[in-house]
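Only one structure is covered here, and it is reproduced in the block below.
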Amino acid sequence: MNIPYPTIMTRTGFEAFVSRLPAVFVVRQWRDDSVAKVGDKIFALLDRDPGEVWCKVSDMSFDLLTELPGIRPAPYFARAGWVAISHESPLAGDEVEAYVVEAHRLIAAKLSKKRRLALGIDHLPIHAPL
C-alpha cells in the first residue's frame, strides 16, 4: 500500500508552512535538507523531499511519540529531544504541523530576552499553553 505524503512532508509544503511562523528563515544544508531556524537555532527540518519531518518536542511528547509506528528518535538529534516523523506515522498533516509550531515555541523560548526582542518575538509564550 502506498501511503501519500502530507503536504508538510514535501519541500514546498514544509518551507511554505515554516516560513509563516514568526522570525523564521529556511536554509538548505547537509544533504540539501530544508532546515527551519528561529534566531540561529534549528527547530525543524525536512529530511529529503518528500521525506520525514524532524522537530524538537517536549520530553513527554518524545516518550509518547517514539512509541508510535513511523516515528523514531531523530538521528544525531535524539539526545536533544527530537523526533523524526514519517508519512507512515498515524499523525495527520495538521498534527505534524502542530508539533512543528510547538518546536518553534520551544526553541524560541530558549533564546535570550534580548534576542527575542530583536527578532520581534518577545510576545510569544515561553511556557506551553495549558
Side-chain angles (χ1 to χ4, degrees):
M1 181 171 150
N2 194 7
I3 302 168
Y5 284 82
T7 303
I8 192 163
M9 293 184 177
T10 66
R11 185 183 304 274
T12 55
F14 177 84
E15 291 182 357
F17 181 79
V18 297
S19 294
R20 292 191 300 261
L21 298 173
V24 168
F25 66 98
V26 178
V27 297
R28 300 227 178 123
Q29 60 188 74
W30 301 310
R31 295 180 321 256
D32 199 35
D33 295 339
S34 295
V35 178
K37 298 182 178 189
V38 57
D40 58 350
K41 306 290 183 194
I42 300 170
F43 69 92
L45 65 85
L46 178 70
D47 183 44
R48 305 194 197 284
D49 178 27
E52 293 179 322
V53 171
W54 296 13
C55 61
K56 168 76 174 147
V57 295
S58 70
D59 292 341
M60 184 172 68
S61 291
F62 184 89
D63 292 340
L64 294 171
L65 289 171
T66 55
E67 293 294 320
L68 298 174
I71 303 176
R72 63 191 174 113
Y76 312 106
F77 290 75
R79 65 179 170 74
W82 282 58
V83 295
I85 305 168
S86 85
H87 71 290
E88 295 175 337
S89 82
L91 300 182
D94 61 335
E95 293 170 310
V96 177
E97 290 172 355
Y99 279 106
V100 170
V101 169
E102 177 62 3
H104 177 269
R105 188 199 63 76
L106 288 167
I107 298 301
K110 292 182 178 185
L111 300 173
S112 70
K113 175 78 171 166
K114 182 178 178 181
R115 185 75 172 127
R116 289 194 316 272
L117 278 167
L119 292 170
I121 58 172
D122 56 305
H123 63 285
L124 293 178
I126 292 177
H127 303 288
L130 298 176

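Hydrogens, waters and symmetry mates are skipped; everything else that's a heavy atom, side chains included, is used. Treat the numbers as computed from the prediction; the structure is a model and nothing was measured.
Taking CG of Leu65 as the reference point, atom SG of Cys55 lies at 8.0 Å (rounded to 0.5 Å). Here Ser58 contributes atom OG and Asp63 contributes atom CG; the two are 8.5 Å apart, rounded to the nearest 0.5 Å. Note that NZ of Lys41 is 8.5 Å distant from CD1 of Ile107, once rounded to the nearest 0.5 Å. How far CZ of Arg48 is from CG of Asp33: 7.5 Å, rounded to the nearest 0.5 Å. Here CG of Asp49 is found 7.0 Å from OG1 of Thr12. Values are rounded to the nearest 0.5 Å. Put simply, CZ on Arg105 and NZ on Lys110 are 10.5 Å apart, with the number rounded to the nearest 0.5 Å.
The closest side-chain heavy-atom distance from Leu46 to Arg11 is below 4.5 Å. Side-chain contact between Pro4 and His87: absent, with no pair of heavy atoms (C-beta onward) separated by less than 4.5 Å. Considering only heavy atoms from C-beta on, Val38 stays 4.5 Å or farther from Leu21 through its side chain. The shortest distance between side-chain heavy atoms of Phe43 and Val18 falls below 4.5 Å.
Ile8 and Val53 make their closest contact through O-CG2, 3.7 Å (heavy atoms, listed as atom of the first residue, atom of the second, distance). Taking both residues in full, the closest heavy atoms of Gly51 and Tyr5 are given as N-CE2, 3.7 Å, listed atom of the first, atom of the second, then distance. Minimum heavy-atom separation, Phe62 to Pro73: CZ-CB, 3.8 Å. Across all non-hydrogen atoms, the minimal contact from Arg115 to Asp40 is NH2-N, 4.1 Å. Nearest heavy atoms, Leu111 versus Arg116: O-NH1, 2.5 Å. Among all heavy-atom pairs drawn from Gln29 and Val35, the shortest one is CG-CG2, 3.5 Å.
The environment of Asp59 atom CG is sparse: at most 12 non-hydrogen atoms of other residues, nucleotides or ligands sit within 6.0 angstrom.
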task: Please step through side-chain contact (heavy atoms from CB on, under 4.5 Å) for the pair Phe17 and Val24, ending with a clear verdict.
output: CA-CA 10 Å; Phe17 181 79; Val24 168; over 6 Å; no
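Applying the 4.5 Å side-chain rule to ILVMFWY residues, one finds Met60 in the same cluster as Leu64.
Side-chain atoms of His104 do not come within 3.5 Å of backbone N or O of Ala36 as any donor-acceptor pair.
Residues Leu68 and Val100 fall within the same hydrophobic cluster, defined by Ile, Leu, Val, Met, Phe, Trp and Tyr side chains chained together at heavy-atom separations under 4.5 Å. Following chains of ILVMFWY side-chain contacts shorter than 4.5 Å, one cannot reach Trp54 starting from Tyr99, and the two form parts of different hydrophobic clusters. Residues Ile42 and Met9 fall into different hydrophobic clusters, defined by Ile, Leu, Val, Met, Phe, Trp and Tyr side chains chained together at heavy-atom separations under 4.5 Å.
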Donor-acceptor pairs under 3.5 angstrom involving side-chain atoms of residues 77-86: please list them, not counting sequence neighbours.
unit_1, atom_1, unit_2, atom_2, d
Ser86, OG, Gly70, O, 3.1
Ser86, OG, Glu88, N, 3.1

